[in-house]
Amino acid sequence: MTDTNDGQLAERLPAGTITGPRTLLFAASVGIIVTNLFAPQTLVGLIGPSLGADAASGGLVAMATLLGYAAGLFFLVPLSDLAENRALIMRMLLTAALAAVVAAFAPTTASLLIVLFILGAACSAIQILVPIAASMAPPGQDGRVIGDVMSGLMVGILLARPLASLIADAWGWRAFYGASASALVLLTIVLALTLPKRQPTAKSGYPALIASLLQLLRDEPVLRRRALTASLVMAAFSLFWTSVALRLAQPPFDLGQRGIALFALVGAGGAVVTPLFGRAGDRGWTGPATIACHLVLIGALALAAWAGAAVSTTSWWPLVLMGVSAVLLDIGVTGDQTLGRRAINLLQPKARGRLNGLFVGIFFIGGAIGSMLAGIAWTWAGWPAICAIGAGFGVAALLVDWIAGPSASRPG
């Protein structure tokens with residue numbers, strides 16, 4: 001009876017209204033695409049030696065895709081406010097699939113860096129899919145839809161490293177890009193058959209569209225605040241996940257590559273609560289929920305510091321506590337980003353592509369800063385420094401909450 005009723009309801013909905021299956025498709029799509037951005041971080045140790053690269057060049061491999069993604073956010077995503085969205089997404093995904101194929105056969109480090117940059121830029125299609133999902137949401141349910149889609153994105157981010165590690169362990173690093181290319185081609189076909197057309201109403205040219213990015217940043221205080229807190233929590237996220245493998249390889253954990261990959265799966269549990277934050281925004285709880293996210297993040301890093309201080313080799317509790325800290329950290333980060341994305345998608349419907357590009361581009365800058373600080377902090381004082389700096393980012397986010405005051409919850 002329930003299935004029948006649901007089917008009748010779906011038939012009565014307008015063609016462009018998002019349904020449960022469509023929401024699942026959006027979530028799965030962004031999850032599949034985003035794996036390409038974070039997988040290289042765990043493949044560097046294999047890619048560098050196989051191409052004869054030194055440590056410095058190998059490190060650039062992990063950066064190339066993220067740099068390309070940032071470029072796509074600022075220069076490709078704004079096109080979604082100008083060009084028909086479905087066709088734009090198809091072109092970007094096909095470009096990503098082709099780049100993944102070339103990456104699987106890249107003969108040199110230089111050629112791989114170029115193609116990974118292109119792959120990252122094309123993967124910015126994620127930030128066109130999310131606004132489309134938001135625009136299809138029924139009135140008052142933007143937060144629920146964004147939260148559901150964001151859960152797929154965060155699962156993709158958190159599974160990227162263990163998935164890439166397991167594939168590379170079995171068949172080599174090139175196999176990951178072959179598998180990614182196949183997944184992207186299949187995804188392109190599915191979305192071509194299911195995505196509705198979305199023609200923006202903007203009439204300005206591309207140069208004016210790009211120039212408007214600074215205008216949007218200047219005119220929208222909510223965008224500035226939400227992007228700032230997102231960048232701070234993303235810095236803590238990158239700091240933790242860039243360094244935790246180093247700590248887990250040491251006593252008392254002594255985990256190998258597969259054990260670290262399995263640990264990374266634990267963090268994916270934090271994405272389960274992402275839809276709850278979207279619903280909290282719909283209920284008008286954006287401000288309190290944001291503060292709660294930042295408090296959870298600080299608590300998670302305090303717990304990680306405690307677990308990392310363990311020296312006993314006879315107890316499994318330190319590993320359990322480290323896993324709990326990873327889940328809590330991811331809850332704080334995904335919650336902040338879900339609430340922030342909902343808030344900015346309510347600002348200017350005609351500028352959703354540019355608003356999302358700015359929001360995500362700024363918090364990826366925070367992520368890059370966190371990754372950069374990871375190596376410095378680890379060399380300086382090890383795991384305690386990692387946790388202290390990460391908690392410091394959380395405290396800074398709380399200060400932004402305090403300075404913003406009640407206005408932090410507007411317009412969401």
Is [Y] close to [X] at the side-chain level, that is, under 4.5 Å between some pair of heavy atoms?
X	Y	answer
Leu159	Thr35	no
Leu319	Leu255	yes
Val360	Arg341	yes
Ser231	Ile362	yes
Val233	Phe393	no
Leu98	Leu184	no
Tyr206	Ile210	yes
Ile128	Met92	yes

Relative to the ring of Trp241, is the ring of Phe263 parallel (under 30°), tilted (30 to 60°) or perpendicular (over 60°)? tilted

Whether Tyr177 and Trp173 hold their rings parallel, tilted or perpendicular, with breakpoints at 30° and 60°: perpendicular

Are the side chain of [X] and the backbone N or O of [Y] linked by a donor-acceptor pair below 3.5 Å?
X	Y	value
Ser124	Gly120	no
Trp378	Arg247	no
Ser238	Gly370	no
Thr338	Gly335	no
Asn85	Ala83	yes

Which heavy atom of [X] sits nearest to which heavy atom of [Y], and what is that distance?
X	Y	value
Phe38	Ala160	CB-CB, 3.9 Å
Ala300	Ser325	O-CB, 3.3 Å
Val30	Leu153	CG2-N, 3.6 Å
Leu217	Arg224	O-NH1, 3.0 Å
Pro78	Leu73	CD-O, 3.4 Å
Leu339	Ala289	CD1-CB, 3.6 Å

Could you measure the distance from the [atom1] atom of [X] to the [atom2] atom of [Y]? Nearest 0.5 Å is fine.
X	Y	atom1	atom2	answer
Ile47	Phe176	CD1	CZ	9.5 Å
Phe359	Leu223	CZ	CG	8.5 Å
Leu187	Leu94	CG	CG	10.0 Å
Ile331	Leu297	CD1	CG	11.0 Å
Ser80	Arg86	OG	CZ	16.0 Å
Asn36	Thr65	CG	OG1	7.5 Å

Strictly under 6.0 Å, is that where the ring centroids of Trp316 and Phe253 end up? no

Please list, chain by chain and in numerical order, all residues satisfying side chain to side chain contact (heavy atoms under 4.5 Å, CB included) with Ala87, sequence neighbours excluded. Glu84, Arg91

Test Leu398 against every option in Ile403, Ile291, Leu232 by the side-chain contact (heavy atoms from CB on, under 4.5 Å) rule and name the one that passes. Ile291

Enumerate the ring pair (Phe, Tyr, Trp, His ring centres under 6.0 Å) contacts for residues 63-87, please, sequence neighbours excluded, ordered by first and then second residue. Tyr69-Phe364

Modelled atom types, side-chain donor and acceptor of Thr290 and Arg226, under 3.5 Å: yes

Begin from the C-alpha positions of Leu129 and Ile33 and carry the test side-chain contact (heavy atoms from CB on, under 4.5 Å) through to its verdict. CA-CA 11 Å; Leu129 283 166; Ile33 298 168; 3.9 Å; yes

Could you walk me through whether Leu116 and Leu119 pass the side-chain contact (heavy atoms from CB on, under 4.5 Å) test, one step at a time? CA-CA 5 Å; Leu116 288 184; Leu119 174 60; 4.0 Å; yes

Decide yes or no on side-chain contact (heavy atoms from CB on, under 4.5 Å) for Phe26 and Leu195, but give the supporting numbers first. CA-CA 9 Å; Phe26 276 107; Leu195 272 185; 3.6 Å; yes

Run the numbers on Arg198 and Met136 for side-chain contact (heavy atoms from CB on, under 4.5 Å), then give the verdict. CA-CA 10 Å; Arg198 180 172 179 261; Met136 295 168 65; over 6 Å; no

